[in-house]
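For reference, the structure is listed below as structure tokens.
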Protein chains: 2
Amino acid sequence: MTKFEIKDEDYFELADFFSAFSDSTRLKILVNLLKGEKTVTEICNLTGISQSAISHQLTKLRIMKLVKGTKSGKFTYYTLDDEHIETIINYSLAHIMEL
Amino acid sequence: MTKFEIKDEDYFELADFFSAFSDSTRLKILVNLLKGEKTVTEICNLTGISQSAISHQLTKLRIMKLVKGTKSGKFTYYTLDDEHIETIINYSLAHIMEL
DNA sequence: TATACATATGAATATATGCTCATATGTTCA
DNA sequence: TGAACATATGAGCATATATTCATATGTATA
């Protein structure tokens, strides 16, 4: 049971948070980053999704503070920037597996 | 760490699952149902959202098997139909409160 | 230095989504 | 029975979203 008051703006913030996980491309990116740091090209190869689409989604994930990108030479190394991602994805994955 | 293989279709299913939580109206409905069974009109009054909008979103939540509606006379009593909802919402709520 | 590689990003487009409005269906009760 | 109430749903509309295509920027290397 939710024990505290949830303000109207909290619902929008919460909806935005869940939106980050509501797209298969972003989920694929996040799941791949669970295994460790990756460059954009590596994520493209692992997912089979175009460079542009991956880059656009990484930008969104960066804005949402879920991933972090570190530039080094011609590469940008991406890592997860939020410790809750793994728990939420694994919990929800276990959930849909039950169905 | 995710220990098993995630199939391509699983990503779409997972994205659909998160989509259920990615709208403030649906979140408001779900949070209100955490407190127990409610009729459509009660949810409208508690949220200040129109009957039509609530009914449309309840239909979506029903299709996604997150809520269940039981007709009795002129009322339809809605309840949560998935034990994971409370955990996921509370965990994510705690998360955004940290920011 | 010229070329290939790595990444980011704007514009255009197609599709999805959520709301309102109107209305249909069914129930209760005076 | 007729009016008020409760809910569901289709159509239309406005907005959001994801992708592709083209291109810009920066780096490495032959």
Side-chain angles (χ1 to χ4, degrees), chain A residues 8-9 11-33 36-79 81, chain B residues 8-9 11-33 36-79 81:
Chain A
D8 198 69
E9 62 179 89
Y11 284 106
F12 288 95
E13 215 179 310
L14 196 51
D16 284 344
F17 178 68
F18 282 119
S19 299
F21 302 95
S22 70
D23 172 75
S24 63
T25 297
R26 283 192 295 274
L27 285 173
K28 287 173 187 175
I29 292 172
L30 294 172
V31 168
N32 274 290
L33 292 182
E37 183 175 75
K38 301 264 179 297
T39 68
V40 177
T41 303
E42 284 174 326
I43 298 171
C44 292
N45 293 335
L46 286 163
T47 60
I49 298 169
S50 78
Q51 184 270 318
S52 185
I54 292 293
S55 206
H56 276 296
Q57 296 309 326
L58 279 170
T59 299
K60 293 188 183 179
L61 291 170
R62 231 187 306 121
I63 290 167
M64 299 192 241
K65 305 261 188 228
L66 295 182
V67 305
K68 199 168 44 184
T70 309
K71 299 201 70 158
S72 172
K74 61 178 173 175
F75 299 104
T76 305
Y77 294 95
Y78 278 94
T79 53
D81 193 26
Chain B
D8 198 70
E9 63 178 86
Y11 284 106
F12 288 94
E13 216 178 309
L14 197 52
D16 284 344
F17 178 68
F18 283 119
S19 299
F21 302 95
S22 70
D23 172 74
S24 63
T25 297
R26 284 192 295 275
L27 285 174
K28 287 173 187 175
I29 292 172
L30 294 172
V31 167
N32 274 292
L33 292 181
E37 183 175 76
K38 301 263 178 299
T39 69
V40 177
T41 303
E42 284 174 325
I43 298 171
C44 292
N45 294 335
L46 287 163
T47 60
I49 297 168
S50 77
Q51 184 270 318
S52 184
I54 292 294
S55 206
H56 276 295
Q57 296 308 326
L58 279 170
T59 299
K60 293 187 184 182
L61 291 169
R62 231 187 307 120
I63 290 168
M64 300 192 241
K65 306 261 187 227
L66 294 183
V67 305
K68 199 168 43 182
T70 309
K71 298 201 70 160
S72 172
K74 62 176 172 174
F75 299 103
T76 306
Y77 294 95
Y78 278 93
T79 52
D81 193 26

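Sequence lines set the chain letters: A, B, ... in the order given, protein chains first and strands last, and positions in each chain run from 1.
- Between A:K60 atom NZ and C:dA8 atom C1' there is a gap of 14 Å when expressed in whole angstrom units.
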Polar-atom pairs under 3.5 Å, protein N or O versus N or O of nucleotides 20-23 of chain C: list them with distances, or write none.
residue: C:dT20; atom: OP2; partner: B:S50; partner atom: OG; Å: 2.9
residue: C:dT20; atom: O4; partner: B:H56; partner atom: NE2; Å: 3.3
residue: C:dC21; atom: N4; partner: B:S52; partner atom: OG; Å: 2.5

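- For the OP1/OP2 pair of D:dA6 and a distance below 4.0 Å, the side-chain nitrogens and oxygens of B:T39 include no atom meeting the criterion.
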Just the table, please: protein N/O against nucleotides 28-30 of chain D N/O, every pair under 3.5 Å.
none

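- One finds the CD1 atom of A:I49 at 4.5 Å from the CD1 atom of A:I54 (value rounded to the nearest 0.5 Å).
- In this structure, A:Y78 does not reach the C:dA6 phosphate: none of its side-chain N or O atoms is under 4.0 Å from OP1 or OP2.
- Rounded to whole Å, the distance from NZ on B:K38 to C1' on D:dT7 is 18 Å.
- Taking 4.0 Å as the cut-off between side-chain N and carboxylate O, B:D81 and B:R62 do not count as a salt-bridged pair.
- Heavy atoms only, all atoms of each residue included: B:A20 and B:M64 are closest at CB-SD, 3.4 Å.
- Among the heavy atoms of the strands lying under 4.0 Å from B:T76 are primed sugar atoms or P, OP1, OP2 only; no base atom is included.
- Distance check, rounded to the nearest 0.5 Å: OG1 of A:T39 to CG of A:L46 gives 9.0 Å.
- Considering only heavy atoms from C-beta on, A:F17 comes within 4.5 Å of A:L66 through its side chain.
- Atom-to-atom distance recorded for A:F12:CZ and B:K28:NZ is 4.5 Å, nearest 0.5 angstrom.
- One can place CG of B:L58 at 10 Å from C1' of D:dT7, the figure rounded to the nearest angstrom.
- At a threshold of 4.0 angstrom between heavy atoms, the contacts of A:Y77 with the nucleic acid are absent.
- When heavy atoms are screened at a 4.0 angstrom cut-off, B:T41 is found touching the sugar-phosphate backbone but no base atom.
- Residue B:I54 contributes atom CD1, which lies 8 Å from atom P of C:dC19 at whole-angstrom precision.
- Between A:Q57 and D:dT17 there is no side-chain polar atom (N or O) within less than 4.0 angstrom of OP1 or OP2.
- Rounded to whole angstrom, the span from the CD1 atom of B:I63 across to the C1' atom of C:dT17 amounts to 14 Å.
- Here the straight-line distance linking atom NZ of A:K38 with atom CG of A:L58 works out to 12.5 Å at 0.5 Å rounding.
- Atom CG of B:N32 sits about 7.0 Å away from atom OG1 of B:T47, to the nearest 0.5 Å.
- The closest side-chain heavy-atom distance from A:Y78 to A:I29 is not below 4.5 Å.
- Here the CG-CG distance, from B:D23 to A:D16, works out to 10.5 Å after rounding to the nearest 0.5 Å.
- No donor-acceptor pair under 3.5 Å is formed between the side chain of A:S55 and the backbone N or O of A:S52.
- Looking at residues 16-30 of chain B, you'll see that no heavy atom sits under 4.0 Å from any atom of DNA chain D.
- Side-chain contact between A:L30 and A:L61 is present, with heavy atoms from C-beta onward closer than 4.5 Å.
- Atom CZ in A:F75 sits roughly 16 Å away from atom C1' in D:dT25 (whole-Å rounding).
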